[in-house]
Amino acid sequence: MGKPFNKANEKTHKIRPLYLQLIFTALAFFIMIIFSYRFLSDTEHNNLRRNTESMLTFEREKIQSDLLGPKTSLGNFSETLRRMIINGYGEQEIKDYAVDLTDYIRFNIESMSSFSGFYGYFETLTGGAVYIDGLNWIPPDDYVPAERDWYLAAVAADGKIVQTEPYVDKFTNETVLSFARCIYDDKGQRLGVVSLDVQINEICKYAADMTWERGGYGMLFDSNMIVLAHPVADYIGMEAKDLVYDIAGHEDKLRNQERISELSLLSYKGEESVGFFQKLSNGWYLGVVMPKAPYFESITYMTTLLSVLGIVLAVILCAILVRIDAAKRKSDMESLRKSTFLANMSHEIRTPMNAIISMTSMGKTAPDTERKDYCLSRISDASYHLLGVINDILDMSKIESDKLKLSFSAFNFESMINRVVSIIKSNADEKKQTITVHFDKTIPKSLMGDDQRLAQVVTNLLSNSVKFTAVGGSLTVKAELFDESGELCTIQVAVSDTGIGISPEQQENIFQIFEQAEADTTRKYGGTGLGLAIAKNLVEMMDGRIWIDSELGKGATFTFTVKLKRGGELHAVPDVQDGIDGIFSGYSILLAEDVDINREIVLALLEPTEIQITCAENGKEAVRLFSETPEKYNLIFMDIQMPEMDGYEATRHIRALPVPEAGEVPIIAMTANVFREDVEKSVEAGMNAHIGKPLDFNEVINKLKTYLK
Ligand code: ADP
């Protein structure tokens, strides 16, 4: 017993842990993002810090070198003056020298642009203590050189060059600082103090204006943490600790360290910022402050980019995984369906085969004719059933490979319905079921379409109704003209029964290939689960649709629509079962067929017609026989698959023979190759018509009538 495919089978199908794969993928990407973020952001961060530090170092060096020139000059100048005084030069010579050198430096040495002149206070010159100024500045009366910062600092430094803290020169109003040195004679006797002023406005402006990218700014503090340079002019001169933001609160840290990097602080605008500070060799501090957002912009950008990239990649990968999984599931399902289908088919084929074989052996040994007849009729039933199963399989495979084509000819719709009902009626009668037909007389007599395929749909629905309706039930077939527009008629056919019905859940599936409502349908009622799938496809090919109204236990109504054109003249197909005795006497045909039993069948079927039949066992023999006496044969029946030479080749050989009959003799394929392309191939090979096996007696007689002259 074949085990039909159903939902229960689907559930037992092992569900692979896709969610685990997805979680793993997402996790892997997450970890990857975190690690790459850490690595890249560290690298980027270090770069950023190093770049800013080296920028600051560069600026610091620049300021230092700006201050180094004047300091060096003072060293040289003071040493020369010392020598001059020791050697006895007087006030005038010293003054001349100071003025000359001041002029020279101010106008010729570019790097000393901030230099504003040498001056000094010499206590031991002949004529008494004297103040000498390279700019020829005459100090006012209240100016006491020995009380000035530069003088006091130099004396305290004992011969070394000192730098005073910057101050606003009360005479020039410029911010200046002085370098000063106390000079001594060889015996250590103090000769005086030599000094020079440097205007630091330029340096301060430069420090505050340092064009730091992205909204940053610079600051300069002297060694007492007094603001020398700041973009806010009001802050200049304030003590660092009195500032509202900036370095306020961090001065101690700065005093103790040569450099501070990435100090979190608020900018003077109140923005979250990072500060970098470095100490200059003269004890000053140079700093730069940058708002955090633009400073860390590249890292933020990189993080966003990485996260987006990671998420996109993870989503793509997950989507691919889902697709692969879906495809795998689909193919697993397909193969499960196919194997279930094979099991069903095997069952469907074996059941009638079993009946045929058993009934044949029973028939052989049956003692009386009545019993033999019974066996033969059962064999016949089983054979037709088997043929039905095979046809269903062929139809479905044609539909699946898109090879099923509809024929197009005029037919009588009412006759088609009646024919189907009359065929099914014998089965319904066995179950004491009544079939009522309501036929709408407005349906045109003649319609164009494939009546065989339409009959197949109605037959399927009606035989299902018989099958799934209990003894004594009633069936109804209702055909009506649903719509008519121009030549096109929409016909609606409904087949109702009072049978077992179908639950709403099952209704969704039964039109699918190999689907049956219940797992035990095959066992209880037989069937392949192909009929409705074929019906649905056929109806859709005729621009229609099919649906079901049913309730479990309360019968079912299958309704379908098809669109057909109004047809032309109808040709009645004669039934030739009777009246064939001797009709072809005098005619002679050639039968090319390799299988004994098939030759026997044709001989037996045509015996009453008195036609003369010559048999060939393969294509080669057929060609030979025909070429020997071409005038003898009025027609050739040609099997296709034969040993030595197949039917196509044999036909081509015959058609190529150099006798007039070769082109004229009708050749009809008689074969189990029944696909459309088989028919086309036989026409291509030069045959006139095609008869499928198993043979339809009517068809054989009609073909002979058509082609025998
Ligand atoms: P088969 O009849 O060969 O199994 P079909 O495709 O014709 O295949 O039908 C599919 C299934 O639909 C049947 O197995 C049955 O479960 C259900 N079915 C079809 N017609 C009827 C009906 N008239 N009443 C109840 N169930 C039906």
Side-chain angles (χ1 to χ4, degrees), residues 1-9 337 340-352 384-397 399-400 420-421 423-424 427-428 431 433-436 453-478 493-540 545-560:
M1 186 65 49
K3 192 166 176 276
F5 176 79
N6 58 46
K7 285 257 157 1
N9 290 106
R337 272 164 194 262
T340 313
F341 168 69
L342 267 182
N344 278 351
M345 286 309 125
S346 163
H347 166 257
E348 283 303 304
I349 293 169
R350 275 165 184 277
T351 310
Y384 278 108
H385 179 75
L386 189 58
L387 186 62
V389 172
I390 291 167
N391 281 340
D392 270 3
I393 299 170
L394 292 183
D395 281 351
M396 208 55 235
S397 86
I399 287 171
E400 287 207 319
V420 173
V421 172
I423 292 169
I424 300 293
N427 295 345
K431 291 180 85 175
Q433 295 165 338
T434 56
I435 304 183
T436 318
R453 292 298 184 184
L454 260 176
Q456 187 179 345
V457 175
V458 183
T459 307
N460 181 269
L461 298 184
L462 210 49
S463 59
N464 273 350
S465 285
V466 173
K467 191 159 73 170
F468 296 107
T469 302
V471 173
S474 49
L475 322 177
T476 314
V477 181
K478 193 171 170 192
V493 180
V495 176
S496 316
D497 61 53
T498 53
I500 60 171
I502 306 170
S503 70
E505 307 85 64
Q506 293 158 350
Q507 289 174 22
E508 285 177 20
N509 297 320
I510 52 163
F511 290 106
Q512 282 171 26
I513 172 170
F514 309 137
E515 287 284 346
Q516 292 182 316
E518 295 292 340
D520 57 358
T521 304
T522 300
R523 186 159 43 78
K524 277 199 202 153
Y525 302 98
T528 55
L530 287 177
L532 287 179
I534 296 171
K536 181 171 188 282
N537 276 286
L538 290 176
V539 162
E540 282 171 0
R545 59 189 198 95
I546 184 166
W547 67 95
I548 173 179
D549 295 299
S550 177
E551 224 177 289
L552 202 58
K554 294 196 178 155
T557 300
F558 283 85
T559 313
F560 73 87

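Hydrogens, waters and symmetry mates play no part in the numbers below; they use all other heavy atoms, side chains included. Indexing begins at 1, ligand by ligand and atom by atom, following the structure's order.
Within ligand 1, counting atoms from 1 as listed, the ones closer than 4.0 Å to a heavy atom of K467 are 1 (P), 2 (O), 3 (O). Less than 4.0 angstrom separates some heavy atom of N464 from each of these atoms of ligand 1: 2 (O), 5 (P), 7 (O), 9 (O), 19 (C), 20 (N). Under a 4.0 Å criterion applied to the non-hydrogen atoms of L532, ligand 1 contributes the atoms 5 (P), 6 (O), 7 (O), 9 (O), 10 (C), 12 (O), 19 (C). Taking every non-hydrogen atom of I500 and a distance limit under 4.0 Å, the qualifying atoms of ligand 1 come out as 25 (C).
By the 3.5 Å distance cut-off applied to N or O atoms, A533 is not counted among the residues near ligand 1.
With a 4.0 Å heavy-atom cut-off, ligand 1 is reached by no atom of L461. Residue N460 touches ligand 1 through its side chain alone, judged by heavy-atom distances below 4.0 Å. Residue contacts with ligand 1, taken as heavy atom pairs separated by less than 4.0 Å, involve I502 solely via side-chain atoms from C-beta onward.
Residue contacts with ligand 1 include F558, since one or more of its heavy atoms lies under 4.0 Å from the ligand. Ligand 1 has no atom lying under 4.0 Å from any heavy atom of Q506.
A donor-acceptor contact under 3.5 angstrom links the side chains of Q456 and D395, judged on distance only. Under the 3.5 Å distance criterion, with hydrogens and angles disregarded, a donor-acceptor pair is assigned to the side chains of T557 and S496.
Between the side chain of K431 and the main chain of K467, a donor-acceptor pair closer than 3.5 Å is present. A distance-only check finds a donor-acceptor pair linking the side chain of Q507 to the backbone of S550 [under 3.5 Å].
The side-chain heavy atoms of I423 and T459, taken from C-beta on, include no pair separated by under 4.5 Å. Residues Q506 and L552 meet the side-chain proximity criterion, which asks for heavy atoms closer than 4.5 Å. Side-chain contact between V477 and L462 is present, with heavy atoms from C-beta onward closer than 4.5 Å.
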